[in-house]
Amino acid sequence: MAKNDLQGALDLLVLKTLAQAGSLHGYGIVLHVQRASDDLLRVEEGSLYPALHRMEQAGWIRSEWALTETNRKAKYYELTSPGRKQLEQAELSFEQLVRGVRAVLRYA
Amino acid sequence: MSVFRRISNLFVRSRVEREIEAELKSHVEMRIEDNVAGGMSPQEARRDALLRFGNRTAIQELVAGEDAALVLENIWRDIRLAFRQLRKSPSFTITAIVTLALGIGANTATFSVVDAVMLRPLPYDHPNQLVDVVSLNRRFPDGEGGSLSYPDYLDMRSGNHTLSNLVSYHDNSYTLTGDGGPVHVDAQVVSWDLLPALGVRPELGRGFAHEDEKAGTRVILISHALWMSQFGGDASVVGRTVRLSGDSFQIIGVMPSSFRFPVTAPKTGMWTTLAVDDVPTDSMFKQRGAHFLNAIGRMKPGVTVAEANQDATAIAANLARQYPKTNIRHDAARVRSELSALVGNTRTALMIVLGAVALVLLIACGNIANLLLARMRERQREIAMRVALGAGRNRIVRQLLIESLTLSAIGGIAGCALAFASTPVMLSLIGDRVPRAADAGVDLRVLAFVAGVSCLSGLIFGIAPAISGSKTDLVSVLKEGGRTEIASRDWLRSGLVVGQVALGLVLASAAGLLITSFLHLRSTDEGFNPSHLLTFLFETPDSRYKETRPQFYREYFEKVRAMHGVDSAAGVMIMPMTDDSADISFEDPEHPAPEGQRAGANVTLITSDYFRTMQIPFLQGRDFSDQDTADSPQVMIVDQAFAQKYFPGENVVGKRLKPGAGNGGEPAWREIVGVVGSVRLSATQREMRPVMYLPSSQLSHWCCLHTVLRTSVEPLSLEPDARQVVASMDKEIPVTDVRTMQDLVFGELAQPRFAMVLLGIFAGLAVLLSVIGLYGVMMYSISRRTREIGIRMALGARRGKVLCGVMREAGVLLAVGVAIGVVASLLSTSVLKTMLYGTGARNPAVLALVTAIAAVTGMIAAFLPARRAASVDPMQALRTD
């Protein structure tokens, strides 16, 4: 798979996470993905933060500093409406990709 | 992110950076908290969190990279870093900046002249619609083109469909007499619609009206400068009547101070209409063969120059059919944009100089590139460190390019200051023969040029070192303590030096050709002796002297000859070395030809003693004398070129010809009474032109002789006495154009001298820079191989051998460069063709000399590094790492 598709998958995971959780900080996103995937997926911090900033530049998400439950300052991200549209498209193309790959794997 | 935030980010960079840092920090700390909560010890928790997170600095850079606004921010940081780097190695920085300042400064000064002369639009309304119209002989379509006669001009104006205006003009001058002493004023005689055609209005009063062109009307427009100097800027000057060369004229308006017409004659003080021309030229207005009018036209909207040209050519061809007698040699016309007609052959010289100075800058860039490449080696460790800290290759290239651009920006600023200071020097070199050059100066366009050239040169000398630097191989550099070298870098450096030597040689051979040509011009015999000659001019207005000129001049020259310090004195209508000439045809009974196809020659009027005064050798026959008067047999003298061209192998003395010059009526038959040596009429003419000399005493209607004095003292010291003599004859006559003949010759040589001096300087710089480049490369190569040379010597290599080896290496570079340069010169110097006199564009002697100079200086430059290599102390060398 090309590098772009991996990045596409990371974007998809982040967008979906934010859609499900509403508003999260970076660490929260890492934890959520890990838990939601039953420890199958791990998000690298080294790619997460550049991706967050890139998506913010693209206008898919917006950020805000807020306090955590433990009174720590953290940057919270949430989806914007262009982000929602992007999520729909990304989900659609990911489903197609999965179906396509599965079809090839099942081919006898 | 809003645009506003992006921009504000530029100014609060630290805030954004701090934000990113805080975000990452809070991430790590949340992980630590979770780890501790999960049962790890605080130290273990921290270790695990950091490990999972990876290189925070690298991530921070990556995140910042995603923030588009931060790209600009990073550039700013890189610029500050660049300044720090440049401060760290002052000798390199100063060398590079001085080199750049010279290169960019010379380019800027040259460009400012090119801009003023060739690129700036003419100061009139819609200047691209203005065209220059000349008549032409179809057989010589590339000829210089001639003026129009008045009847031809009228037919051209009424018959064409492409021009909305066709204005004719010619120069004249008047003596303004009034409250102060008499003043000489240059004037232009123009058709009435000049101002509407140019789209210009007077500052005060009105422009010409159609009625003003009727014969007998005497109205003038005066220049702002004349208004200020002669009328004190008095607004009531409009409507006032003034005396000009004895006639009354009414001032109808004052032109704005910025107005100039024609642009080539910036000193023009007044404009009057074609209606008021002097009486002798009256008949010229009727003669279709008298070509004395220049013409400038405005094309109708949407008309192209080619269409206007076609139109005018068709009219000229028609006129030639209608009036074959007078128009057979003017059967075509040429319409060109006014600007390109104005720039004319100056274009070649300017473009060559601009090209030369651009090459110098290119060579200078080569030197700086070489210095940068050499520095790359010392900076390898620093770059490797940056790579290790996570900087990508693009980042390194960008950083290095920004360093180069910072350098070139500083060089550009210094160069601009240099250009500002040197433009006056350049202008004094050009002289006043190049139209509009005097307007050159540093303005916005020139500043834009500096910015562009600086940027471009920064890229040129920066790109190779930047790419080469970014290829730094991290592992090998850190492992081997920075002693690795990328071989391609050496190739680059050698290639640069070869290119520099080749370019330097091309410039040097071009300069060599121009110098040879100039020396040829200087040493060519003028045909007369220009030293100790004083010349000046005054007018003898027709209103008072039309019939009495011969007596006036006879008396006047008697007085002048009696002046202390004067050996001999004479008068001449058209002075050599002034770019003036008049060409008339003559009837020759031995070779009859219909009017219009007769042979012609330059003509001038002289008094007796002219040849003795100028020291033009008499070959045959006699001089004019006081006995040659209007009533005596009409005579003429011709020069050697005339005799050889029209009567080869014959004795011309005694032949009778009829040159078309008369006192209003039919010209007279004249007997040739003498033959004199040929004289160069212009210092830059390629061959002697046939000349006919007519005695002024027999042509009293022809105005105005220049006085020529052969002196036994410093010529200019006689100026006050000469003025006094003229004033004693007529106190209303101002004396103008007081100059020595040597000044005139000097002025004539202005353009070749300008091209030669500038190209010579640039070629010298180019050779110097390329030799320095060679020296630098060799020095560097030696210092890099000190250890190797040391080992070889320790093993018994002889010093002579080492020396020879280094010299051979330099010799190869030099030889390749010279070989390419010789071929390039042979291919390129033909662009100089029109600027060369007495030498072809391929002069083997010049090329051989230039090659020898390049080879010798190059080998001298190589000798120093070679000697240094040979004096390497083996023990010392082995100890260095």
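A quick note: this is a predicted structure, and the numbers were derived from the prediction, not measured. Quick note on labels: first sequence line is chain A, next is B, and so on, each numbered from 1. Both backbone and side-chain heavy atoms feed into the values below; hydrogens, waters and symmetry mates do not.
Atom CD of A/E44 sits in a sparse spot, with 12 or fewer heavy atoms from other residues, nucleotides or ligands closer than 6.0 Å. Counting heavy-atom neighbours within 6.0 Å of A/Q20 CD, excluding the residue itself, gives a total above 12. A/Y76 OH: more than 12 foreign heavy atoms inside a 6.0 Å radius. The environment of CZ in B/R46 is sparse: at most 12 heavy-atom neighbours from other residues, nucleotides or ligands sit within 6.0 Å. Counted within 6.0 Å of CZ on B/R47, heavy atoms from surrounding residues, nucleotides or ligands total 12 or fewer; the atom is thus considered open. The number of heavy atoms from other shown groups lying within 6.0 Å of CG (A/L67) is above 12.
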*Go through the steps to decide whether A/V30 and B/R31 satisfy the test side-chain contact (heavy atoms from CB on, under 4.5 Å), and finish with yes or no.*
CA-CA 10 Å; A/V30 172; B/R31 169 82 73 191; 3.9 Å; yes
*Start with the C-alpha gap between B/M30 and A/H25, add the side-chain angles, then the distance that decides, and say whether side-chain contact (heavy atoms from CB on, under 4.5 Å) holds.*
CA-CA 10 Å; B/M30 282 191 270; A/H25 45 65; 3.3 Å; yes
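Proximity to chain B (any heavy atom under 4.5 Å) is restricted, for A/R42, to the side chain, taken from C-beta onward. For chain B, the nearby part of A/T70 is the side chain; its heavy atoms alone come within less than 4.5 Å.
Taken to the nearest 0.5 Å, the NE2 atom of B/H27 stands 12.0 Å off from the CZ atom of A/R72. We find the CD1-NZ distance between B/I20 and A/K75 to be 7.0 Å, quoted to the nearest 0.5 Å.
Side-chain contact between A/Y27 and B/E29 is absent, with no heavy atoms from C-beta onward closer than 4.5 Å.
Nearest heavy atom pair, residue B/S26 against residue A/K73, reads CB-O, 3.5 Å.
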